[in-house]
Enquirer: 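Before anything else, here's the structure in question.
Keep in mind that this is a model prediction, so the values were computed, not measured. Hydrogens, waters and symmetry mates play no part in the numbers below; they use all other heavy atoms, side chains included.
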Amino acid sequence: HVPVQKQRHIPMVQVQQQFVDVPQVQVTDKVVEVPFQKQVQVPMITKVQKPVEVPQIEYVDHHVHVPVQKQRHIPMVQVQQQFVDVPQVQVTDKVVEVPFQKQVQVP
């Protein structure tokens, strides 16, 4: 058996540059605000009770006796002059000599 040789034509590949128009894409940015959450440290508030002294007011009542005034009708007194005869006593002095004895001491 004898091998048969076949010939084949293999095409040559050549590289050639070719300029092609590539369509351009235009990018338009739109700014949109997006809310975001931020972590913030919040201080704790503690309430401390502070005792406060409140001054006490003492009411001292003094009972004062108020005299009651009454109205009374007092009869009017009228004074009249009256003339009275007063008897006169007449005193008559009489000088009378009274004898007395004088004592003399003789030594």
Side-chain angles (χ1 to χ4, degrees):
H1 191 99
V2 179
V4 180
Q5 290 190 355
K6 285 185 172 182
Q7 289 194 358
R8 281 184 159 184
H9 287 294
I10 300 175
M12 262 308 273
V13 176
Q14 286 187 354
V15 176
Q16 196 177 22
Q17 267 190 342
Q18 187 181 13
F19 293 101
V20 181
D21 284 344
V22 178
Q24 295 292 322
V25 177
Q26 184 180 7
V27 177
T28 306
D29 289 342
K30 182 178 178 186
V31 177
V32 176
E33 287 194 23
V34 177
F36 69 99
Q37 291 187 352
K38 184 176 169 184
Q39 294 283 335
V40 179
Q41 289 287 333
V42 178
M44 278 294 291
I45 297 176
T46 58
K47 289 185 176 181
V48 177
Q49 287 191 350
K50 181 180 170 185
V52 178
E53 288 191 16
V54 178
Q56 297 293 321
I57 297 176
E58 180 182 1
Y59 290 103
V60 178
D61 290 342
H62 293 295
H63 294 287
V64 177
H65 178 68
V66 178
V68 180
Q69 293 187 3
K70 292 183 180 178
Q71 292 201 1
R72 293 184 179 174
H73 292 290
I74 299 175
M76 284 293 293
V77 176
Q78 290 184 354
V79 177
Q80 285 185 347
Q81 282 191 350
Q82 190 176 20
F83 294 101
V84 179
D85 287 339
V86 178
Q88 295 290 325
V89 175
Q90 188 176 13
V91 177
T92 308
D93 288 344
K94 183 176 177 185
V95 178
V96 176
E97 285 196 23
V98 177
F100 74 96
Q101 292 184 359
K102 188 175 172 185
Q103 291 186 3
V104 179
Q105 284 198 3
V106 180

Enquirer: NZ of Lys30 to OG1 of Thr28: how many Å apart, nearest 0.5 Å?
Expert: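 These two atoms lie 11.5 Å from each other.
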Enquirer: With a cutoff of under 4.5 Å between side-chain heavy atoms, which Ile, Leu, Val, Met, Phe, Trp and Tyr residues group with Val64?
Expert: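 Answer for Val64: none, a lone residue.
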Enquirer: Enter the distance from Gln69:CD to Arg72:CZ here, rounded to the nearest 0.5 Å.
Expert: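 Reported value, rounded in 0.5 Å steps: 12.0 Å.
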Enquirer: So, taking the atom named NE2 in His73 and the one named CD in Gln71, what distance separates them when rounded to the nearest 0.5 Å?
Expert: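 Separation between the atoms: 7.5 Å.
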Enquirer: Can you sort out the partners of Val60 under side-chain contact (heavy atoms from CB on, under 4.5 Å), two or more places apart, ordered by chain and number?
Expert: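 Partners of Val60 under the side-chain contact (heavy atoms from CB on, under 4.5 Å) test: Glu58, His62.
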